[in-house]
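All remarks here apply to the structure that follows.
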Protein chains: 2
Amino acid sequence: MSVKILKLRDKSPKRGGDTSRRGKLTATPEEILETLRRRIAGQEIPPGAKLREQDLSAEFGVPRTRIRDVFSALESRGLIERIPNRGAVVTRLDMELVFKLYDVREVLEGLCARLATENVPPESWQDLVDHYSGPMADYLKTGDFDSYVEGYDRLRQRTITAAGNPIAAQMLDSIYERTNFVIRRIIILPGRAETGLEQHRAVLAAMRRGDGIEAERLKRLNMRSAKESLNRFRNYVL
Amino acid sequence: MSVKILKLRDKSPKRGGDTSRRGKLTATPEEILETLRRRIAGQEIPPGAKLREQDLSAEFGVPRTRIRDVFSALESRGLIERIPNRGAVVTRLDMELVFKLYDVREVLEGLCARLATENVPPESWQDLVDHYSGPMADYLKTGDFDSYVEGYDRLRQRTITAAGNPIAAQMLDSIYERTNFVIRRIIILPGRAETGLEQHRAVLAAMRRGDGIEAERLKRLNMRSAKESLNRFRNYVL
DNA sequence: GGCAACAATATTGTTGACACATTTGACGCC
DNA sequence: GGCGTCAAATGTGTCAACAATATTGTTGCC
């Protein structure tokens with residue numbers, strides 16, 4: 001038996017007690033997870049890039065084990081892949097997988113469109129109807145894609161919230177964070193945004209008159225149309 | 001500064017090297033996860049039951065940290081809930097959540113029915129058509145529910161495999177493991193299995209003739225019908 | 001007995017140290 | 001220079017000790 005001598009600190013300081021070290025205060029696992037999710041979804045960390053535990057451990061000021069926990073969460077969401085003893089790399093999407101994600105997205109968004117229509121009073125969609133009949137078209141004319149995407153996100157977010165189905169919401173969230181950059185690239189494809197805008201108006205009109213069945217059908221058509229655009233320009237998107 | 005002396009072993013034995021201790025060999029995280037999933041899905045561990053890290057650590061012969069990792073995975077799947085410093089308890093399902101799970105299941109199974117029909121030659125469904133036209137009805141007449149459920153699982157499994165969409169497959173899997181016991185209780189509701197059998201035949205007929213659109217429509221009707229049965233007998237199921 | 005305060009026990013949460021694997025780089029040889 | 005071999009460096013995987021918190025048990029008082 002060997003005997004080793006370890007020096008240990010007399011008092012263990014509380015988590016937030018010493019913020020001075022490294023000039024970076026410690027972060028919670030949730031914050032770290034969220035940060036890395038955003039970086040990967042926004043391709044700030046590009047597909048195929050390697051994530052080093054020590055680097056992140058140093059950056060966030062947390063022990064390496066916590067980074068590993070976050071990696072597990074990212075892996076279960078399909079954002080990274082872990083190879084034993086080799087580390088973690090950002091998942092690289094291929095066209096085939098994107099189509100499969102879109103197939104699932106189609107039925108889930110369709111479901112949410114219907115549930116949302118059934119759950120809230122039709123008048124509550126009026127502001128979005130207005131926004132989509134005027135401003136959104138202007139954004140396209142002036143090439144203000146950021147504002148257009150913002151309006152797109154708003155509609156989507158409102159629909160999911162109104163649907164009130166946390167299961168579907170979570171699943172869609174995991175799809176968005178994986179296809180986020182694809183969505184944005186589809187929008188700037190020639191003519192796509194104009195077509196999509198028309199389709200969104202149709203969906204909103206159905207929701208506005210309380211026709212959930214039709215809203216679901218139109219939403220699915222919209223998703224298929226987006227998928228076709230993606231397929232037509234596959235070489236330019238991925 | 002205090003100095004503490006720790007005794008450490010000279011050589012660390014490999015994982016499988018010493019199987020004699022406690023008469024229980026060490027298990028991989030995957031095995032443990034699978035075991036606990038099955039226990040919770042089968043209500044071997046009932047809803048609301050508390051899971052103690054040390055107990056499981058001892059049972060599987062692994063360090064407690066590994067049990068905690070498994071807990072994280074179970075939590076992300078919604079099978080358990082963790083309360084800080086209070087431990088983990090098996091999630092208790094309420095009717096509202098079951099309905100929401102069924103809404104998602106409806107669209108996902110519908111999608112898989114369509115994709116499966118599109119992906120494989122129509123003839124490949126013949127054995128299931130045969131099985132559902134003869135033996136399955138016999139199982140119901142003789143009250144052999146186990147065989148009936150087995151035939152039900154087989155159809156479902158084949159459909160998902162043929163659909164070839166791992167995203168949808170994984171989502172459905174997480175729904176099944178949460179509603180597994182509900183599915184089995186619905187089947188034994190008066191008249192439900194007979195109605196369901198008829199609907200499954202219709203779905204299979206559509207798949208057999210290669211009509212994916214119709215297969216999706218019928219599958220969704222089937223799921224709605226099951227949901228209605230569940231609603232009618234809600235007091236007996238949950 | 002009822003109950004509040006405290007002590008003891010049990011359980012969960014956190015972390016650094018060590019073990020193991022892979023990659024990198026230096027060296028010698030042909 | 002090309003290339004196999006070995007050593008050092010780097011990075012990942014595992015775990016048990018320590019800390020913090022919650023739960024249970026005990027005591028003393030009214």
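In the text below, chain A, chain B and the rest are named by the order of the sequence lines, each starting its count at 1.
A salt bridge does not link A:Asp55 with A:Arg64: none of the charged nitrogens is closer than 4.0 Å to a carboxylate oxygen. The pair B:Asp173-B:Arg178 does not meet the salt-bridge criterion, since no charged nitrogen lies less than 4.0 angstrom from a carboxylate oxygen.
Across all strands shown, B:Ile67 has no heavy atoms under 4.0 Å from either base or sugar-phosphate atoms. Across all strands shown, A:Arg64 has heavy atoms under 4.0 Å from base atoms, whether or not it also approaches the sugar-phosphate. Here A:Gln54 lies in heavy-atom contact (under 4.0 Å) with a base.
Counting to the nearest Å, the C1' atom of D:dT23 and the CZ atom of B:Arg52 are 11 Å from each other. Rounded to whole Å, atom C1' of D:dA20 lies 14 Å from atom CD of B:Glu53. A straight line from CD1 of B:Ile83 to C1' of C:dT12 spans 12 Å, rounded to a whole angstrom.
Of the possible donor and acceptor atoms, none in the side chain of A:Arg220 sits under 3.5 Å from a partner among the backbone N and O of A:Glu106.
Of all heavy-atom pairs spanning B:Leu33 and B:Val70, the tightest one is CA-CG1, 3.8 Å.
Each of B:Asp55 and B:Thr65 was matched to the nucleotide of DNA chain C holding its nearest heavy atom; the match closer to the 5' end belongs to B:Asp55.
In the set D:dG11, D:dA22, D:dT14, D:dA22 carries the atom at the smallest distance from any side-chain atom of B:Asn85.
Side-chain contact between A:Ile167 and B:Leu97 is present, with heavy atoms from C-beta onward closer than 4.5 Å.
Look at A:Arg86 and you won't find any side-chain N or O under 4.0 angstrom from OP1 or OP2 of C:dT22.
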Quick one, A:Arg77 with B:Ser76, criterion side chain to side chain donor-acceptor pair (under 3.5 Å). Give me CA distance, side-chain angles, the key distance, then yes/no.
CA-CA 10 Å; A:Arg77 289 169 163 272; B:Ser76 77; over 6 Å; no
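A heavy-atom distance below 4.0 Å to DNA chain C is reached by none of the residues of residues 69-81 of chain A.
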